[in-house]
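Down below is the structure, laid out as structure tokens.
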Amino acid sequence: MHFPSSDSPGLRRLLGAAVGALLAGCAATAPDAGGGASASSTSPAPASPTAAAASDAPIQLAGSGARPPGRVSSGGGAAGPGASIAGESRTFSTQLASYTSVGYDKLPGWVQDDFSGTWPAFLTSCQVMNRRGDEWRKICERARGVDGRNNAAIRNFFEAEFSAYQIRDDDRRPDGVVTGYFEPEITGSRTYAPPFIYPVYGQPQDMLFLDARKIPAGATSVPARVQGNQVVPQAGLSTRDMGAPGLYVLELSDITRDTLDRKVRLRVEGRRLLPYYTRQEIEARGAPNARVLAFVDNAMALYEMQIQGSGRVKLKDGEVIRLSYAEQNGQPFRPTLATNAKGTSATPVRTRGGAVELVLDDDDDDDSAGVNTGAVRVRGFTLARPNVMGAVAVPGQRPSGAPGGSGIQDPSYVFFKEAQPGAGGPVGAFGVPLEPGRSIAVDPRATPLGYPVFISTREPVSNKPMQRLTVAQDTGGAIRGAVRADYFFGNGTQAATQARRMKERGQLWVLLPRGQAVAAATTSGVRTRGGAAGAGLPQCLVQEEGLCVDD
């Protein structure tokens, strides 16, 4: 009979489970006041036979990767009041989601996964994460010592460094929606000539940004100055002071404040600061302050590429222009959805504030049934094609007819930047190339970018289980909701077919570094397990400027 050596991972897991069970049995458990459990409770998770997941108690074993959970924030500083601690807190909540600690043995398909497929995506994320505090820097340093070809070693690394938390929505439901996306390719040209009449714009130079957290409460308009591309409201002044040089009137009635990054996109019109142009306004007037990266021949294909967030434009000479997301006009995502034979929307959705969230069909039927074959399936939404796709205004060009517009009614508009050739997959919102089959797009309020996420769903068409560790590396205006993931299939015809057909039930588990402070409440208030969202709950699981920040 073979016995494991004293430094083997198997023995360490066995010892960890035994010590965790012993300490858990000796610990006294205080009853919850009123019968409810605090969302920041520090009771350990149930013992599990798997590595560091065997216990969330702070146990240190010589030679193992497990460490006592330190109370650090996502940025490496001390945890603030109201913070929950990953690996200690049994459960906690945000406005959008609730999180419950689970052992790795409870993750369906965890042991069977090929972790070497996820390892390159995780190491790529480390290029960004190791700059986000001492805790992540140390994790990424230890990752460099792991054999990327050894599946067991990679699994042991994740189990030792991270605690798994199942994500549920604000109604405590574990099931959500998993869709797919890909990198589309469109035929195009560097120059304007029919049929290539639809411009692919870069980020406009006249776009200004305002930190929504600096907007005075209750005001309809305030004086502001423009410093570079930043708008700064002026405290202590009123619109009666507008005679002062350099002052503008910031109109607040029509702006969208509840963006994830808390940035408002603005433009100057005379002495007023207004929301940046809508899609319809851009198509009617052009974007003279934006560089045109290419021209394409299909407005709907360009719109799909804007929803996908990246794409390729193939020129006649064979050259391929790779495009990645640069900016958005700040207008809400409002797609025109196709209707089915019953005359109702083919894609069940719900609206929360300025965001549209995808909802699973109750009967699990394909939402394209009975829909006009001209409809386009993209990221789980079935979009209606415009009845007429007319010309749009292009600065310096004279279209053959009046620019009637593309017919696309969605006010949101995405601007691109040209990616370097040979950079691997398309660059997602996290700023790193996406890995086909292992990168996902998420709602960064519920699932922070850069973090490992275990996903359990089904493959499109075949309905075979698809259970694997992925990395959250992208997001998008169409990706909203707590239990929501968009699976990146890559590029090419097969990837496009799989992505268009992907709309399945799924469950998600986010892996949080042990000891990290998360879901820190920004205001006072009691948070209870399964309690309704309130003012005391944070919006973001992990705050990060540019991705998700609380007021």
Side-chain angles (χ1 to χ4, degrees), residues 74 94-97 121-122 124-125 128-129 132 167 169 176-184 203 256 258-263 265 304-311 323-335 349 352-358 378-381 410 412-417 419 425-436 438-453 455 470-489 499 502 506 508 510-511 539-550:
S74 59
T94 63
Q95 294 178 16
L96 187 67
F122 178 76
T124 302
S125 281
V128 178
M129 299 304 290
R132 295 192 177 175
I167 307 174
D169 67 16
V177 188
V178 180
T179 53
Y181 70 118
F182 67 105
E183 184 184 22
Q203 180 177 334
T256 300
D258 59 347
T259 57
L260 296 178
D261 57 11
R262 289 293 185 260
K263 288 196 298 185
R265 280 76 173 169
E304 180 182 17
M305 190 169 73
Q306 290 178 321
I307 295 177
Q308 300 284 0
S310 64
L323 302 171
S324 59
Y325 172 90
E327 254 300 343
Q328 194 255 359
N329 63 346
Q331 300 289 340
F333 174 63
R334 290 287 182 268
V349 297
R352 294 194 184 200
V356 175
E357 294 183 9
L358 195 62
V378 52
R379 301 191 96 159
F381 292 86
D410 183 4
S412 69
Y413 197 95
V414 168
F415 304 99
F416 293 99
K417 58 186 176 183
V427 176
F430 191 55
V432 300
L434 303 178
E435 188 75 24
R438 294 290 174 166
S439 296
I440 60 171
V442 295
D443 186 331
R445 296 172 298 177
T447 308
L449 296 190
Y451 284 61
V453 181
I455 183 172
T470 64
V471 184
Q473 295 179 323
D474 203 3
T475 185
I479 313 303
R480 292 292 180 266
V483 191
R484 180 75 173 93
D486 204 33
Y487 185 84
F488 180 63
F489 282 94
M502 183 73 183
L508 304 178
V510 59
L511 273 56
Q539 181 188 31
C540 311
L541 174 63
V542 174
Q543 292 199 53
E544 187 61 43
E545 286 291 334
L547 298 175
C548 183
V549 290
D550 285 310

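Since this is a predicted model, take the numbers as computed values, not measurements.
The aromatic ring centres of Y181 and F488 sit less than 6.0 Å apart.
Side-chain N/O atoms of T179 and R484 include a donor and acceptor closer than 3.5 Å.
A distance of 5.5 Å separates CD of Q328 from OG of S412, quoted to the nearest 0.5 Å. A distance of 10.5 Å separates OG1 in T475 from CG in D261, rounded to the nearest 0.5 Å. In this structure, CD1 on I167 lies 9.5 Å from OG1 on T94, to the nearest 0.5 angstrom.
The aromatic rings of Y413 and F415 sit tilted, their planes meeting at an angle between 30° and 60°.
Residues T124 and R438 fail the side-chain proximity criterion, which asks for heavy atoms closer than 4.5 Å. At a threshold of 4.5 Å between non-hydrogen side-chain atoms, the residues Y451 and V542 count as touching. Using a 4.5 Å cut-off on side-chain heavy atoms (C-beta onward), E544 and L449 make no contact. At a threshold of 4.5 Å between non-hydrogen side-chain atoms, the residues D410 and F333 count as touching. In this structure, the side chains of V378 and Q308 come closer than 4.5 Å at one or more pairs of heavy atoms.
Residues passing the ring pair (Phe, Tyr, Trp, His ring centres under 6.0 Å) test with F182, sequence neighbours excluded: none.
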